[in-house]
Amino acid sequence: MKQKLNPPATGLVLEIGSGDNPNPRSNVLVDRFLGSDNRERGGDLVVDRPFVVADAHHLPFKQGAFAYTICSHILEHMDDPQQFGRELQRVSAAGYIQSPSEIAERLFHWSFHRWYVNLVGDTLVLHPKEPAEPMGELFDYLYEYNPAYYFFQRSMPDLFWIEREWHGDDLRIEVRDQSPLPLRDPAALRALASPRLGFAQLVALFFSTLLARMVRADTRKKIRKLLGQSYV
């Protein structure tokens, strides 16, 4: 998916949990774990710029050290999401958070994630995951190998990914016991299910979907590096 992040043209950019696919704009990378254990990464850890090993709950940077912080697929791992949010606001003037939505989490069920994540208004609302894994890796394989499913998911990105760009002190993270999803409200369900794209956009997405699914993950990684993009 195309990430909706807007790092400034100047100033230092921090990326937390950059893993195998750091953003081209990031100046400093942070990861908690080194080594070749890639159960929670898509590939080998990339260290191609200043790199710091640190726990994101307690970042080793002074207040206001960064203009912007990128956190993609990190919030759902945190032991204490609210402490993590406080650290982000302490070291950075603004930033971007992306996570799988609760709907995506229930379909794909990444066993190493701790939280379901939803966006309610401008507030990131989390609640604990259950241990059950009813679908196994079925949806991972559908996304990778079935163009029709890939097309469907890419046509409704906000249903499957949560994005929140924050500035100053407006980052709000709330932890609840239960899901805020209105899955028994017919009006809310109609809104969730409504198409996001117009006809021309759907046609363009359809053909790009066919092309993308013809290219395997290792080749897409090379294309990303060539184009200087995080996602292709």
Pair up each side-chain donor or acceptor in residues 192-212 with any protein partner under 3.5 Å, not counting sequence neighbours, and list the distances.
from, atom 1, to, atom 2, distance (Å)
Ser194, OG, Ala191, O, 2.9
Arg196, NE, Asp158, OD1, 2.8
Arg196, NE, Asp158, OD2, 3.3
Arg196, NH1, Leu192, O, 2.6
Arg196, NH1, Ser194, O, 2.5
Arg196, NH2, Asp158, OD2, 3.0
Arg196, NH2, Leu192, O, 3.1
Gln201, OE1, Gly198, N, 2.9
Ser208, OG, Ala204, O, 3.3
Ser208, OG, Leu205, O, 2.9
Thr209, OG1, Leu205, O, 2.7

- Query: Yes or no on side chain to side chain contact (heavy atoms under 4.5 Å, CB included) for Phe51 and Leu34, after CA distance, side-chain angles and deciding distance?
  - Reply: CA-CA 11 Å; Phe51 186 94; Leu34 293 175; 3.5 Å; yes
- Message: Set out, in order, the CA-CA distance, both residues' side-chain angles and the distance that settles side chain to side chain contact (heavy atoms under 4.5 Å, CB included) for Arg114 and Leu126, then state yes or no.
- Response: CA-CA 10 Å; Arg114 297 176 60 91; Leu126 285 69; over 6 Å; no
- Message: Pair Leu124, Leu171 - check side chain to side chain contact (heavy atoms under 4.5 Å, CB included), show working.
- Response: CA-CA 8 Å; Leu124 292 161; Leu171 176 58; 4.0 Å; yes
- Stepwise side chain to side chain contact (heavy atoms under 4.5 Å, CB included) check, His109 with Lys129: CA-CA 9 Å; His109 198 92; Lys129 279 185 60 180; 3.8 Å; yes
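Between Glu105 and Val117 there is no side-chain heavy-atom pair separated by less than 4.5 Å. The shortest distance between side-chain heavy atoms of Val30 and Phe61 falls below 4.5 Å. Counting heavy atoms from C-beta on, the side chains of Gln3 and Glu163 come closer than 4.5 Å. Here the side chains of Leu189 and Leu183 are in contact, with some heavy-atom distance below 4.5 Å. The shortest side-chain heavy-atom distance between Ile70 and Ile16 does not fall under the 4.5 Å cut-off. Looking only at side-chain heavy atoms (C-beta outward), Leu59 and Arg90 come within less than 4.5 Å of each other.
At a threshold of 4.5 Å between side-chain heavy atoms, the hydrophobic network of Ile, Leu, Val, Met, Phe, Trp and Tyr places Leu159 and Leu142 in one connected group. In terms of hydrophobic clustering, with Ile, Leu, Val, Met, Phe, Trp and Tyr side chains grouped at heavy-atom distances under 4.5 Å, Tyr143 and Phe152 are assigned to a common cluster. Hydrophobic clustering (ILVMFWY, side-chain heavy atoms < 4.5 Å, transitive): Trp166 and Val120 are in distinct clusters. Hydrophobic clustering of Ile, Leu, Val, Met, Phe, Trp and Tyr side chains at less than 4.5 Å, counting indirect connections, keeps Val125 apart from Ile74. Note on Ile103 and Trp161: same hydrophobic cluster, where clusters join Ile, Leu, Val, Met, Phe, Trp and Tyr whose side-chain heavy atoms are under 4.5 Å apart, directly or indirectly.
Contacts classified as side chain to side chain donor-acceptor pair (under 3.5 Å) and involving residues 47-65 (residues at least two apart or in different chains) are given here: Asp55-His57.
In this structure, CG on Leu107 lies 6.0 Å from CZ on Phe160, to the nearest 0.5 angstrom. The distance from atom CG of Asp79 to atom CH2 of Trp115, rounded to the nearest 0.5 Å, is 9.0 Å. The CG atom of Leu88 sits 5.5 Å away from the CD1 atom of Ile97 when rounded to the nearest 0.5 Å. With rounding to the nearest 0.5 angstrom, the OG1 atom of Thr69 is 10.5 Å from the CD atom of Glu87.
Remark: the backbone N or O of Asn23 is paired with a side-chain donor or acceptor of Glu15 at under 3.5 angstrom. Within the 3.5 Å criterion, the main-chain N or O of Ala94 finds a donor-acceptor partner in the side chain of Ser92. When atom types are taken as modelled, the side chain of Arg164 and the backbone of Arg172 share no donor-acceptor pair closer than 3.5 angstrom. The main-chain N or O of Asp44 is never found under 3.5 Å from a side-chain atom of Asp20 such that the two would form a donor-acceptor pair.
Of all the heavy atoms in Pro7 and Val13, the pair that sits closest is CB-CG2, 4.2 Å. Shown here for Gly168 and Gln89, the closest heavy-atom pair between the two residues is O-OE1, 3.3 Å. The nearest pair of heavy atoms linking Leu75 to Ser99 is CB-OG, 3.6 Å. Across all their heavy atoms, Ser155 and Pro157 have their closest contact at C-CD, 3.4 Å. Closest approach of His127 to Arg176, counting heavy atoms only: CB-O, 3.2 Å. Smallest separation of non-hydrogen atoms from Cys71 and Phe84: SG-CZ, 3.8 Å.
Aromatic ring pairs are classed by plane angle as parallel below 30°, tilted from 30° to 60° and perpendicular above 60°; the pair His113 and Trp110 is tilted. Note on ring orientation: taking the six-membered ring where Trp is involved, the planes of Phe112 and His77 are parallel (angle under 30°, cut-offs 30° and 60°).
For Tyr149 and Phe139, the gap between ring centers is short of 6.0 Å.
Shown here are the salt bridge (Lys or Arg N to Asp or Glu O under 4.0 Å) partners of Arg25, two or more places apart in sequence or in another chain: there are none.
For the side-chain contact (heavy atoms from CB on, under 4.5 Å) with Pro60, the qualifying choice from Val52, Val53, Val91 is Val52, the only one to do so.
Checked by atom type, the side-chain pair Tyr68/Glu165 shows a donor-acceptor distance below 3.5 Å.
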